[in-house]
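First listed ligand is number 1; within each ligand, the first listed atom is number 1. Note that the coordinates shown come from a computational prediction; the quantities given were computed from them, not determined experimentally.
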Amino acid sequence: MKYDIKDLKLSQEGKKRIEWAERDMPVLNLIKERFIKEKPLKGKRISACLHVTAETANLVRTMEEGGAEVLLCASNPLSTQDDVAASLAKDYNINVFAIHGEDRNTYYSHLKTAIDFKPNVTMDDGADLLHLLHTEYKDAAQNILGSMEETTTGVIRLKALEKEGKLNVPIIAVNDAKTKNMFDNRYGTGQSTLDGIIRATDILIAGKNIVVAGYGWCGRGFAMRARGMGAKVIVTEIDQIKALEAAMDGFNVMPMREAAKLGDLFCTLTGDIHVLRKEHFQLMKDGAMVCNSGHFDVEIDVKGLKKMSKSVKKNVRNNVDEYMLKAPLIKGVGGLKSIYVLGEGRLINLAAAEGHPASVMDMSFSTQVLATEYVVKNYKKLENKVYDVSEDIENWIAKLKLKSMGIDIDKLTPEQKKYLESWELGT
Ligand SMILES: NC(=O)c1ccc[n+]([C@@H]2O[C@H](COP(=O)([O-])OP(=O)(O)OC[C@H]3O[C@@H](n4cnc5c(N)ncnc54)[C@H](O)[C@@H]3O)[C@@H](O)[C@H]2O)c1
């Protein structure tokens, strides 16, 4: 079997969406044209564990055009777009193992299929394949020339393995490339997280108190966009510099135990565990909404919330669960209050919307595919370490992206070049 997907009949809609995304991925398309001629990935087997979206479909197609045989599985049980998976299987003859809403067992069986595929190169968004290659499937790591990691949380996990001296394959930290995190994490997550919240709830953002946990790349993007739509944004942080930055960017900064009382909507974007937990739920207003756009569904302690709730109503609206808990006595009046969890606490932009727009994934996936080509060409030189993407790749992508946007920039004059490289000239 070359696929395990929801329904092959969904392929027509998926194909349309893949082609729509392709229009907005000019840099990746240029790489694809070159790959068709040069076939730099010829004979290589690639297992990609990524969000199965229309943009990812175009990445996978590019790798196939480059001569690779590719298997795609999901990097999150709720992020698969079933129509895209169907079209990849039917129209593009790609091995796809991903079903939206798959349970934990199916999710892991699909990951294992990706390892049984005997890849030479892997791609992860959250390091789940690499986790298997360091636990149950250690032997399979021998065949891996190198592995790409797409997200902050994955890079953190892999650097932890490297620090312990246990990393068993070379890694390229695609997430850490400027052409990835400055754009995908900031503008992609900023826009698509709001998109997910709005599709899930249909609330008006203007005038709402929105609490943003984490002011890294994703948090900055989300805070900026929420403010742009008229929300009163509060930021919580654990890092002094980031907190200072948020304060000077004009946001209210405070600890979560204070923000918990004020927020109408909470969004976690930290990569950390239990950022919202019992002590915060207790303080929240009736009707507060909580969601997450960090990689794993650990940022909101949904199990803890369930334990303290009197009752839970699933799906009061698509992607919204209502948790009813005892409200504290205020001026002698107590009762039940509701807290709404969006997208089960999983990445809301992928659970309830379509993930990042194609234009920004153009940069992330061009970085992915060029990093893959680099691994295939240079694997003999690579050790079991976490490497950055080369600056040449970053600059090439930035140059072409600017060109595709019709933007030209200045060049250094010979005088300026000399001045910037010298130290003699002073005051
Ligand atoms: N939704 C998406 O599509 C998407 C896209 C890219 C990245 N991500 C994920 O989003 C998460 C954040 O990524 P990033 O690139 O912004 O990371 P980052 O490291 O740039 O930022 C994370 C921030 O959270 C802060 N933080 C950590 N623990 C905290 C806590 N308990 N309370 C408040 N703040 C806390 C850190 O100090 C840091 O400033 C990661 O899990 C990443 O994998 C999601």
Undergrad: Checking side-chain polar atoms at under 3.5 Å, does N120 have a donor or acceptor matched by the opposite partner on Y379?
TA: no
Undergrad: State whether the shortest distance between N or O atoms of C218 and N or O atoms of ligand 1 falls below 3.5 angstrom.
TA: yes
Undergrad: Work out whether the distance between some heavy atom of H51 and some atom of ligand 1 is less than 4.0 Å.
TA: no
Undergrad: Any idea which atoms of ligand 1 are less than 4.0 Å away from a heavy-atom of N185?
TA: 6 (C), 7 (C), 15 (O)
Undergrad: Please determine whether side chain to side chain donor-acceptor pair (under 3.5 Å) holds for the pair N175 and N185, giving the CA-CA distance in whole Å, both sets of side-chain angles, and the decisive distance to 0.1 Å.
TA: CA-CA 9 Å; N175 176 74; N185 298 28; 3.3 Å; yes
Undergrad: Indicate yes or no: does an N/O atom of T153 lie under 3.5 Å from an N/O atom of ligand 1?
TA: yes
Undergrad: Using heavy-atom distances, let me know which of S293, A353, G216 sits nearest atom 1 (N) of ligand 1.
TA: S293
Undergrad: Which atoms of ligand 1 are found less than 4.0 Å from any heavy atom of G271?
TA: 11 (C), 40 (C), 41 (O)
Undergrad: Is a donor from one side chain sitting under 3.5 angstrom from an acceptor on the other, for T367 and S364?
TA: no
Undergrad: Report, in ascending order of atom number, the atoms of ligand 1 lying under 4.0 Å from any heavy atom of G294.
TA: 9 (C), 10 (O), 11 (C), 41 (O)
Undergrad: State whether a side-chain donor-acceptor pair under 3.5 Å links S192 with D195.
TA: no
Undergrad: Enumerate the atoms of ligand 1 whose separation from the nearest heavy atom of K242 is less than 4.0 angstrom.
TA: 38 (C), 39 (O)
Undergrad: Just checking R257: does its CZ atom have more than 12 heavy atoms from other residues, nucleotides or ligands closer to it than 6.0 angstrom?
TA: no
Undergrad: What about T152: any of its N or O atoms under 3.5 Å from an N or O on ligand 1?
TA: yes
Undergrad: Record the part of M256 in heavy-atom contact with ligand 1 below 4.0 Å; permitted values are side chain, backbone, both and neither.
TA: neither
Undergrad: I need the atoms of ligand 1 closer than 4.0 Å to a non-hydrogen atom of D239, numbered in the order shown.
TA: 37 (O)
Undergrad: Considering all heavy atoms of both residues, which atom of S11 and which atom of A86 are nearest to each other, and what is their separation?
TA: N-CB, 3.6 Å
Undergrad: Let me have the donor-acceptor pairs involving side chains of residues 384-392, under 3.5 Å, with sequence neighbours excluded, atom names and distances please.
TA:
residue, atom, partner, partner atom, Å
Y387, OH, E383, N, 2.9
S390, OG, I393, N, 3.3

Undergrad: So, for G345 and I300, which heavy atoms are closest and what is the spacing to 0.1 Å?
TA: CA-CD1, 4.4 Å
Undergrad: Mind checking whether D184 has an N or O less than 3.5 Å away from an N or O of ligand 1?
TA: no
Undergrad: So, is H295 polar-close to ligand 1, with some N/O to N/O distance under 3.5 Å?
TA: yes
Undergrad: Under 4.0 Å from any heavy atom of T236, which atoms of ligand 1 are there?
TA: 33 (C), 34 (N)
Undergrad: Can you pull out the closest protein heavy atom to atom 29 (C) of ligand 1? Residue, atom name and distance to 0.1 Å, please.
TA: I238 CG1, 3.4 Å
Undergrad: Tell me which part of T270 gets within contact of ligand 1: side chain, backbone, both or neither, using heavy atoms under 4.0 Å.
TA: both
Undergrad: Between ligand 1 and T189, can you find any atom pair, the residue atom being a heavy atom, that is separated by under 4.0 Å?
TA: yes
Undergrad: Which protein heavy atom lies closest to atom 20 (O) of ligand 1, and at what distance to 0.1 Å?
TA: W217 N, 3.2 Å
Undergrad: To the closest 0.5 Å, what do you measure between CZ (F222) and OG1 (T189)?
TA: 10.5 Å
Undergrad: May I ask you to check if ligand 1 and E237 share an N or O to N or O distance below 3.5 Å?
TA: yes
Undergrad: Under a 3.5 Å cutoff, is there a donor and acceptor pairing between the side chains of E150 and Q368?
TA: yes
Undergrad: Counting only heavy atoms closer than 4.0 Å, does ligand 1 sit against the backbone of L269, its side chain, both, or neither?
TA: backbone
Undergrad: In a table with atom names and distances, give each donor-acceptor pair under 3.5 Å that connects a side chain of residues 68-75 to protein atoms at least two apart or in another chain.
TA:
residue, atom, partner, partner atom, Å
E69, OE1, R45, NH1, 3.3
S75, OG, H51, N, 3.1
S75, OG, H51, ND1, 3.2

Undergrad: Between S359 and D362, is the side chain to side chain donor-acceptor pair (under 3.5 Å) condition met? List the steps.
TA: CA-CA 5 Å; S359 175; D362 185 30; 6.0 Å; no
Undergrad: Starting from atom 31 (N) of ligand 1, what is the nearest protein heavy atom, named by residue and atom, and what distance separates them?
TA: D272 OD2, 3.2 Å
Undergrad: Using a strict 4.0 Å cut-off to heavy atoms of N349, name the atoms of ligand 1 that fall inside it.
TA: 1 (N), 2 (C), 3 (O)
Undergrad: Do E102 and H110 have a side chain donor and acceptor closer than 3.5 Å?
TA: yes
Undergrad: List ligand 1 atoms under 4.0 Å from T151, heavy atoms only on the residue side.
TA: 6 (C), 7 (C), 8 (N), 9 (C), 42 (C), 43 (O)
Undergrad: State, yes or no, whether a side-chain contact exists between L130 and L133 at a heavy-atom distance under 4.5 Å.
TA: yes
